[in-house]
Amino acid sequence: MAEVGIEAARWVVGKALGPASSGLLEAWAASSELGPNIEALRMELLYAEGMLNNARGRGHGPEIQNPALAELLRKLRDLAYRADDVLDELDYFRIQDELDGTYHAADEHAGGCLRNHALNARHTARNIKKMLGFSKCSGGSADHDQADEDAGRRGVSCGAWPCLAANRGDQEVPSGCMSRMISSAACAKMPPFSRCSRGSADHDQADEEEQDASRGVLCRAAWPCARISSTPPPNQDSQEADGGCMGRLASGACGTVPTVGKCLRCHSVSNPQNVGSSTVPSTGRRFLRCAANPNKAPHKACVAQPPKLKFDRVEMSRKMKEIVEQLKPLCAKVSTILNLELLDSSRSIVQCIGTSLDTWFSKGQWPAPSHRNAMMNRPITNPEFREPELYGREGEKTDIIFDITKGKYCERNLTVLPIVGPGGIGKTTLTQYIYKELEHHFEVKLWVCVSVNFSVYRLTQEIANQLKIDTKDSPDKGIEDQLKSKRFLLVLDDMWNCSNVDEWNRFIMPFTKGQPKGNVILVTTRFPGLAQMVKTPTSDWKDLKGLDPESFKELFRAYVFGDDMQSLKDHNELLGTGDEIVKKLKGSPLAAKTVGRLLRNNLHLGHWTRVLESKEWESLKEHHDIMPALQLSFNYLPFHLQQCFTYCTLFPEDYRFSREEVIHFWIGHDVLHSHGENKRIEDIGLCYLIELVNHGFLKKEEDHYVVHDLLHELGLKVSAHECLTIHSSNVRSIQISMSIRHLSINIDDSSIEDRKTFDICKEDFSALRKRLKVENLHSLMIFGEYQGSFVKIFHGLFQKAKAFRVIFISGGSYRVEDLSHNFFNLIHLRYLRIHNEGWARSKPPKNISRFYHMRVLDLQGCDNCSDLSKPMRNLLKLRHFPVPDDGMHESIFEVGQLKLLQELRRFVVRKEIKGFELRQIGHLLELCGSLSIANLENVEGREEVDEAKLMYKRHLEELVLNWHVNRSTKDPAHEEQVLEGLKPHSNLLKLCIRGHGGPTCPSWLGPNLSVMNLQSLCLDGVSWKIFPPIGELWLVNEDAEEISSNIRSQHFKNLKRIELKNLARLKRWVVGQLLSHLEVVIIEHCHELVELSFSNFSCSPRVLQNLIIVDCPKLLCLPTISWTSARCSVRLSRVGLDLESLWYGYNDNLLSLEITGKSDQKDMTASFWRVLDFDKLTGLEKLVMSECPPPPLDGLRKLPSTIKFLEISDWNTVTSGKLTQMLRCLTKLSELRIYRCGKIAGLGVVEQLEEEETDEALLLLPPQLQELDIRGLFGRAHPGSGFITVARSRESQ
């Protein structure tokens, strides 16, 4: 029976090894040819890129007319995407190799030939394991590398004979016959052997590949040149030397191949002793043991992280080879057709293919598109009306005509006035009506249609022809002579470009010589940037927006029904649907005209409803339709701007995004490339953003940007082959292309309004998996407050999604990993943003340590992010990490690994924990924005400071250097050296130093001033005797003597803000006369300060905007403040005067002065009034005084006659007579409030207050008073008692 069993086993093995033996050599070849296959793929992609770049420069045409070529290009695009995925995956695993010190994804092992062979042997074995179908037999996932790594670390032995049992003490355990059979096939015929020389499990992952592949799994089986020893070698080096080249190769291969055996659950040995100590959760791992190695390998405790993904070297190489084999004939076919047709019209698809290619080959920026036939054949406009009536533009027309004839332009020599708006908004029509109404105002009127060809020669020649200038004269000279004595109007309609300002100035030169005033050039253009360039400095451009709703509705109905009012009444049932269509047209007159043509010949509700639901007007292609008109502007954009714009349209309509948000979004999509320029990609993104604004595709609203009206629909239309936006209400009806790569989902609030609607929406989303290739998706964006209700549906929908580069969640409060079963396996992920507003907050992903490609990780919508800090060191490509709390930045372990990080808002130096040394920030040379460094007392020495390399961080704008105020000990000499070494780059704009215990300011802030461009300086709690050049300072030393602290050799060029806080020795400060740009002065908690003054040349009234002095109890000498009516504010609190506080600034849009005295002040002196320069309080409108003596009457008389509001409280010692005298000085007073003034016994109103008219008991009110509120009178001092409120209308006077 034993012999029968052996023969049966041999038959099974022979049957299994039949395909495996032939596949073995193929797998080995694929693994060893990874490097050549990478190069072959790169070369083929280079050829495709070159071919398509060459095709882009030839021919003209708006779109592809050859359907066969279009299909070939789609296939080429898909192949390019596949190549991008493969190369991106390779890059991912090379990063993993770099982190682990391994070589799985390398072209070759860096250790030489022997280790390279061992590397290929291991991956060959893994591939054979898959071919034999053993992957599912393993306890762990076939997608992970852990099992193979364990084998390498534990020195798994191989046996030479099949089914050899292993004795372990008195227990016989099968050692894994299938493993040894595969080992035999790989290593040829070998005699039995003793245990492996290396069995310890306590090796780091980083050592695994190098040790295991070369010497860690050395079987005593040998090939002919191997030397066999019956005893273990004394050390590894001697073993390698004695084993010979082939011996080492054989041992490496034999140690790799048997790892297949541990995947066979039925042939492996469980290790119950280790189950309890294992930190790997429930993988069911089995450990293959050699018979002679009974020792148990202990496990190390580790932080729970997603398991590492396994790199399949063989499969990757095969994929590349397959793509190359498909690319060659496909590129040849496309190239042949392109050469035959000289076709450039494939640009839109061609450049989509170039997107993935550009990731790997930065050969230069896409060239700007050549002008297309459609643009060159733009219709020629003229002054004659095409529209019989002007709807909704009467306001703009009247304003422009008034400014030209009677307003701000009529007295200027020449005004260039641009009229700006997107295509179809009505620029030409408005200009035609203006041109007609100004017929008799100008002696000469000219109309020129410029279009896309701005040629100075062509335009001047055309104008000369209209003026009938003799051809013998030059056009310029003729125009100058004809117009120099005549007032003229020139219209340049439909202007698309002008290369530079010099070209524009050359064109308008003949028009600037005229003697009459009021000459005007009207320019209509789609581009705000062009309008900015051509307008005269004293003029603005007129920005045309969509028509107001009522005017647009009238225009729409006019296009549909014309003048036939009876038809309108007869089809009243259509008006509701028509109004819904109107809402979608964004006030565009051309859109109304386009849709009007669709509707007017079929006045049936069904037809109108179909047009509404399908947006049929978007598919019309005549040049006079709305979408072709808008698409001309899109086609005119360079491709990189087209791409950036279409990604913006994935956001919901009217979505307002910030500058950083959209640039980060583009970074996630890999559309920003420096192309060899020495520029950050963020700066390139900002340039693109400005260009899109200048081209009119984005409009800036304060600090945010919005896609311009109908252009949002255009963006979705032109990118429909790759971008899809769906709403929960239209999932079932929307058309979906199988080539979609970017998906945006909007969850409407109506989706959960009732159970039936909710269930329908869930069914529709579930059905999407059959209509959408989720495995091809690169982007996923989800918007909506109630998206969490569909997260389970999304989990099933995106189960096969593995290619996501971008994930954007707005409004969800669930964990992002709940969206996809494969979330932690998304190796391509570059951008993750979780955005929430208000109270709803999301939970961050549990672990992000394996997202090696991550560029932007935006968790501002999450709470409790601190657990992510330690594994972040693996995110080597991370550039942006916006978080809600700076504490998240300070807790990043070994932040120096993130060399591309752009912003680190806070870093805390720690002694007790490694990975938080100051030298960590030395690697972050790209830092920009703000950096705060805390606990600098923990810095060990100057060497560590120098390694921080602050001087090389040229993009850093703000720096905060902080020593802990309550530290137990101070070492002034050491702290002086530390601060001296923290010299920042000269580009720094803001600097704050807190708690420094050194004796003097650093040389780079003093004698050798290097931060001359500093705009803001804050010194808080420093112990210096020498200060930076901010004026004349006197300090108090230990003997209470005054010492000067002045540096005169250097000065700041643009210092606008100074803060001095907690300076215990500061006694006097005269603000330097060279600080003429100073706008903000803040002094707080300087208890010895007795004098503050400004030199004659500093703090000009036109410059100073904010003065704050708090808690300086000895300060008695204040500068005479030059109050102005500008937006300036002053706050004084707890200073050494008789007042508690003084505040001056705007309150409720009224320029106000509020003064509060000290409640315990018995000496009613008025020293604080000296700070006021009454005659300079111009524009003061509101005066509030509490617990203070009344101001001197001579001062009040100097006050301007603008005070409208007066409030007085707690004036218990002031008589009615004195108060009456005060009111007499305020001739414009209209509102009076008096609280808790006990000496007022009565009130009176007189028609006119005379100078001598007073009554010590009776308060006489001025006649112009409109509102009076009095409380707490007649000796009762608490609010609400004895109150009078009077309001008198102006008519009653």
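Fair warning: this is a prediction, and the values are worked out from it, not measured in the lab.
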Are [X] and [Y] close enough that some pair of their side-chain heavy atoms sits under 4.5 Å apart?
X      : Y      : value
Ile425 : Leu547 : no
Ser588 : Leu630 : no
Tyr786 : Ser751 : no

Ignoring hydrogens and geometry, is there a side-chain-to-backbone donor-acceptor pair from [X] to [Y] under 3.5 Å?
X      : Y      : result
Gln642 : Leu637 : yes
Ser739 : His721 : yes
Asn730 : Ser733 : no
Asn825 : Asn822 : no
Arg855 : His853 : yes
Tyr559 : Leu590 : no
Asn776 : Ile740 : no
Trp666 : Glu682 : no
Asp748 : Ser750 : no
Glu691 : Gly529 : no

SB check [X] [Y] (cutoff 4.0 Å):
X      : Y      : result
Lys586 : Glu713 : no
Asp78  : Lys773 : no
Arg805 : Asp670 : no
Lys319 : Glu322 : no

Kindly compute the distance separating [atom1] ([X]) from [atom2] ([Y]), expressed to the nearest 0.5 Å.
X      : Y      : atom1 : atom2 : value
Ile684 : Leu672 : CD1   : CG    : 7.0 Å
Ile747 : Phe794 : CD1   : CZ    : 4.0 Å
Ile663 : Leu689 : CD1   : CG    : 6.0 Å
Phe798 : Leu743 : CZ    : CG    : 5.5 Å
Asp759 : Asp754 : CG    : CG    : 9.0 Å
Met854 : Leu878 : CE    : CG    : 8.0 Å

Do other residues, nucleotides or ligands put more than 12 heavy atoms under 6.0 Å from [X] [atom1]?
X      : atom1 : value
Arg815 : CZ    : yes
Lys800 : NZ    : no
Gln735 : CD    : no
Asp703 : CG    : no
His704 : NE2   : yes

Without hydrogens or angle criteria, can the side chains of [X] and [Y] be said to hold a donor-acceptor pair below 3.5 Å?
X      : Y      : result
His880 : Glu660 : no
Ser551 : Asp548 : yes
Ser849 : Asn847 : yes

Contacts of type side-chain contact (heavy atoms from CB on, under 4.5 Å), residue [X], not counting sequence neighbours:
X      : result
Val582 : Phe552, Phe556
Glu661 : Phe651, Tyr655, Phe657, Ser658, Phe808, Arg833
Glu554 : Tyr391
Glu763 : Arg732

Closest non-hydrogen atom pair between [X] and [Y], with its separation:
X      : Y      : value
His828 : Ala803 : CD2-CA, 3.8 Å
Cys648 : Val662 : SG-CG2, 3.7 Å
Gln860 : Val883 : CG-N, 3.9 Å
Gly423 : Arg526 : CA-CZ, 3.7 Å
Asn602 : Trp608 : O-NE1, 3.1 Å
Ser737 : Ala720 : CB-O, 4.2 Å

Query - Test log, rule side chain to side chain contact (heavy atoms under 4.5 Å, CB included), inputs Leu724 and Ile734 - result: CA-CA 9 Å; Leu724 175 66; Ile734 197 167; 3.7 Å; yes
Requested in this report: Hey, can you tell me if His821 and His795 have their rings parallel, tilted or perpendicular (30° and 60° cut-offs)?
Outcome: perpendicular
Requested in this report: Determine the interplanar angle of the Tyr688 and His640 rings, folded into 0 to 90°, and report it as parallel if under 30°, tilted if 30 to 60°, perpendicular if over 60°.
Outcome: tilted
Report task. With sequence neighbours left out, write down each residue that passes side chain to side chain donor-acceptor pair (under 3.5 Å) with Ser719, or none if nothing qualifies. Result -> none
**Report entry** Residues in side chain to side chain donor-acceptor pair (under 3.5 Å) contact with His712, at least two apart in sequence or another chain
**Finding:** none
**Report entry** is_close_aromatic(His778, Tyr81), centroid dist under 6.0 Å
**Finding:** yes
Requested in this report: Carefully, step by step, assess Val560 and Leu574 under the rule side chain to side chain contact (heavy atoms under 4.5 Å, CB included).
Outcome: CA-CA 11 Å; Val560 176; Leu574 300 177; over 6 Å; no
Requested in this report: Take Lys756 and Ile760 through the test side chain to side chain contact (heavy atoms under 4.5 Å, CB included) and record every step on the way to the result.
Outcome: CA-CA 6 Å; Lys756 182 178 180 181; Ile760 291 174; 4.2 Å; yes
Query - Passing option when His742 is tested against Phe804, Phe665, Tyr831, Tyr647 for ring pair (Phe, Tyr, Trp, His ring centres under 6.0 Å) - result: Tyr647
Report task. Run the numbers on Ile745 and Phe765 for side chain to side chain contact (heavy atoms under 4.5 Å, CB included), then give the verdict. Result -> CA-CA 10 Å; Ile745 300 175; Phe765 278 123; 3.9 Å; yes
